[in-house]
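Lettering follows sequence order; numbering is per chain, from 1.
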Amino acid sequence: MNSADVLSLCKRRGFIWPAYEIYGGIAGLYDYGPMGAAMKNNIVHVWRKAYTLGEGFVEIDADTIGPEIVFKASGHLDKFSDALVSCVKCKTPYRADHLLKEHHPNPASLSHGDMDDLIQKVGVVCMECGGEISKVEDFNLMFKTMIGPGAIGRTGYLRPETAQGMFYNFNSLHRHMREKLPFGVIQIGRGYRNEISPRQGVIRLREFNMMEAELFIDPKDKTWPRFDAIKQDQIRLVPNEPGDTELSVTLEEALKKGIIANEVLAYFVGFTQRFLVTVGVDPERLRFRQHLKTEMAHYAADCWDAEALLSFGWTEIVGIADRGCWDLSRHIEFSNVEMNGFRRYDEPVEVEKEVLKPKYGMLGPQFKAKSSAVGKALEAADPKLIEDGGITVQVDGAPMIIEAKYFDVARVKEKVSGEKFVPHVIEPSHGLDRIMYTCLEHAYTEKEDKEGKYLVMRLAPLSAPIKLGIFPLMGKDELAKPAMELDAEFRANEVATSYDDSGSIGRRYARMDEVGTPYCVTVDYQTLEDDTVTIRDRDSTAQVRVKRSILLKTVVDLLNGKRSFADLKG
RNA sequence: GCAGGUGUAAUCUAGCGGUUAGGAUUUUAGCCUUCCAAGCUAAACACCCGGGUUCGAAUCCCGGCACCUGCACCA
């Protein structure tokens, strides 16, 4: 099996189509067809339920276009930019900071002009052909646009991740969650990256779907209440310590041995594994790899990737990062808006401290209009900074020396009931398109039969776009009528069906096998006698006969995994 | 972005200067058919795009686009 076979099936059966195909297509852009869109919705549904109903996260839906400052704050404008140079002669591109590594302690910090100068000064030439190196050009992976027309337009960018929407809305979310930590937020939507070289089908796209969760926590409490429920789950880990190889341990062991840094991170590694297996990722082809220190993103303190083994090799499909306080701190810095959690002490603490008491009666005549600002500055000042009977404070941005006669030093008692802190963030970030593709490739099974290749997509029932095929054994009225009634009944109960009365029964089963439909129900002549129908299992091709009266419940239980097909037979 | 390879129906492919562009699968209509791609009869659908060479181009040349492989790049 290779990716071309899978993509060919995806195209033929309406899962994934190259976008704008009648115009020749655009690399890195793909559309989901009817089967793909349905399957994507199914995976999203499972994920959303796990986070909202399961873990109590709330969902938001923020904009995909943002003003420049958001991405200055997030770091994407700087860190997603590469200073690019190329050889004038052979056009080989280089990253300017890579070329200057040996000539400067921190070349990435240089301005473009300084890089140009340094390249000239030390005489860097092309490593391929010895040619001259061009001037530095900026290449940013974000799509740039204008918000508003003409001269009044502001520079904006399409978001490269959904995460920022959850960070810049922190205060509103915190208030909504009644100012309690921890709380979690999810967002499902598109992100955009102008990739230099999109490849490998839907693995690297220029427009892609993400499911991201941001969990805001107290950095002093990185535990999780439901960890006990999953701590026995086995997990394949590839730590980043030199010499460490892949190992299979329980989450509990991984935490005890310090392989995974904290409990909440370990919990979401396990939670992610459960989710992925539920929607159809093969556990034998799934592992978690810790990021090397050098590949850690600019915002991450620790990061574990869920990797799936695909025909392209091990491929990242989920990143679970401890982003620390990086994002919120940056938005605080750029917006001048405080974003805090509040850690309440068990008992309020009485603190005695010295403060300055401005003598407002003297300040007024001396400082006139500025007196109120001087007073506030004095109240905020630290008495330890008093020197030579005076103190220097900042008033309207300028330092002022205030003599001691304008204030008293007093000891006061203060009740402190807690402290503020910038929350840390745990981020499980899912590449939805990659997860989709992984489910498709892991489901892809070829068998040999007399016709040649026989394809079965062993999709997880929860992901499958069609849940149930419904067939009359023959397209005759006496069979077709009850079959159509069954079909209507299932659809009324939100089971996606496909009714089919054309061609031989074997062909109809085969058609359903190719789009991953887990079960088929067939109405035959015996149905007319005893009101039973057969249920046929995709993976074993076995059939059981069940009473029509319990059919709906039986099928729903099979789809939800409450019963297995093998149990039905007994 | 660089180098190499590939581009014929929804899919797999034959044709390699002159063909009504062939086959298979699929799809559609009908006949037949009592459970795993059965059979019969019809029908539908294609030379990636744009230039050039030539009396004549799916075929040769150039450019573009897409896909594949490697390099580079990349949460």
Rounding to an integer number of Å, can you tell me how far [X] [atom1] sits from [N] [atom2]?
X        : N     : atom1 : atom2 : value
A/Asp327 : B/A75 : CG    : P     : 15 Å
A/Met512 : B/C35 : CE    : P     : 20 Å
A/Ile470 : B/C35 : CD1   : C1'   : 16 Å
A/Arg536 : B/C36 : CZ    : P     : 11 Å
A/Glu21  : B/A66 : CD    : C1'   : 9 Å
A/Trp304 : B/A75 : CH2   : C1'   : 17 Å
A/Lys11  : B/C12 : NZ    : P     : 8 Å
A/Glu514 : B/C12 : CD    : C1'   : 13 Å

Side chain of [X]: nearest nucleotide among [options]?
X        : options             : value
A/Met474 : B/U33, B/A10, B/C73 : B/U33
A/Ser504 : B/A37, B/A75, B/C36 : B/A37
A/Asp524 : B/C73, B/C67, B/C35 : B/C35
A/Thr522 : B/C35, B/A75, B/U33 : B/C35
A/His291 : B/A75, B/A37, B/C67 : B/A75

[N] - base-pair partner by Watson-Crick or wobble geometry, distances under 3.5 Å:
N     : value
B/U53 : none
B/U25 : B/A10
B/U33 : none
B/A3  : B/U69
B/U59 : none
B/C16 : none
B/C45 : none

Taking for A/Arg206 and for A/Glu316 the nucleotide of RNA chain B with the nearest heavy atom, the one nearer the 5' end belongs to A/Arg206
Which is more 5' along RNA chain B, the nucleotide nearest A/His430 or the one nearest A/Ser3? Just name the residue.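 With A/His430 and A/Ser3 compared, the 5'-side residue is A/Ser3.
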Do A/Arg287's NZ or CZ and the ring of A/Trp314 fall within the cation-pi criteria of under 6.0 Å and 45°? yes
Got a second to check how far A/Lys144's NZ is from A/Phe71's CZ, nearest 0.5 Å? 13.0 Å
To the closest 0.5 Å, what do you measure between CG (A/Leu7) and CD (A/Gln200)? 11.0 Å
Base, sugar-phosphate alone, or nothing: which one does [X] contact when heavy atoms must sit under 4.0 Å apart?
X        : value
A/Ser429 : base
A/Thr534 : base
A/Gly201 : sugar-phosphate
A/Glu212 : nothing
A/Arg511 : sugar-phosphate
A/Gln543 : base
A/Arg508 : nothing
A/Ser8   : sugar-phosphate

Considering only atom [atom1], compute the distance from [N] to [M] and round it to an integer number of Å.
N     : M     : atom1 : result
B/U26 : B/C68 : P     : 27 Å
B/C45 : B/U54 : P     : 35 Å
B/A9  : B/G70 : P     : 26 Å
B/A21 : B/C47 : P     : 12 Å
B/C60 : B/A37 : C1'   : 42 Å
B/U33 : B/U41 : C1'   : 16 Å
B/U8  : B/G50 : P     : 16 Å
B/G51 : B/U13 : C1'   : 29 Å

[X] vs [Y] side-chain heavy atoms within contact, under 4.5 Å:
X        : Y        : value
A/Thr315 : A/Tyr437 : no
A/Phe288 : A/Glu307 : no
A/Leu215 : A/Phe57  : yes
A/Met142 : A/Leu77  : yes

Distance check: side-chain N/O of A/Arg545 vs OP1/OP2 of B/C35, anything under 4.0 Å?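 Checking A/Arg545 against B/C35: no side-chain N or O falls below 4.0 Å of OP1 or OP2.
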Would you say A/Arg13 reaches B/A10's phosphate, i.e. side-chain N/O to OP1/OP2 under 4.0 Å? no
Look at the side chain of A/Tyr23 against the base of B/C65 and say whether a donor-acceptor pair falls under 3.5 Å; ignore hydrogens and angles. no
Between A/Arg285 and A/Glu441, does any NZ, NE, NH1 or NH2 come within less than 4.0 Å of an OD or OE carboxylate oxygen? no
Worked check of ring-ring contact (aromatic ring centres under 6.0 Å, His included) between A/Tyr157 and A/His76: CA-CA 10 Å; A/Tyr157 295 90; A/His76 287 101; over 10 Å; no
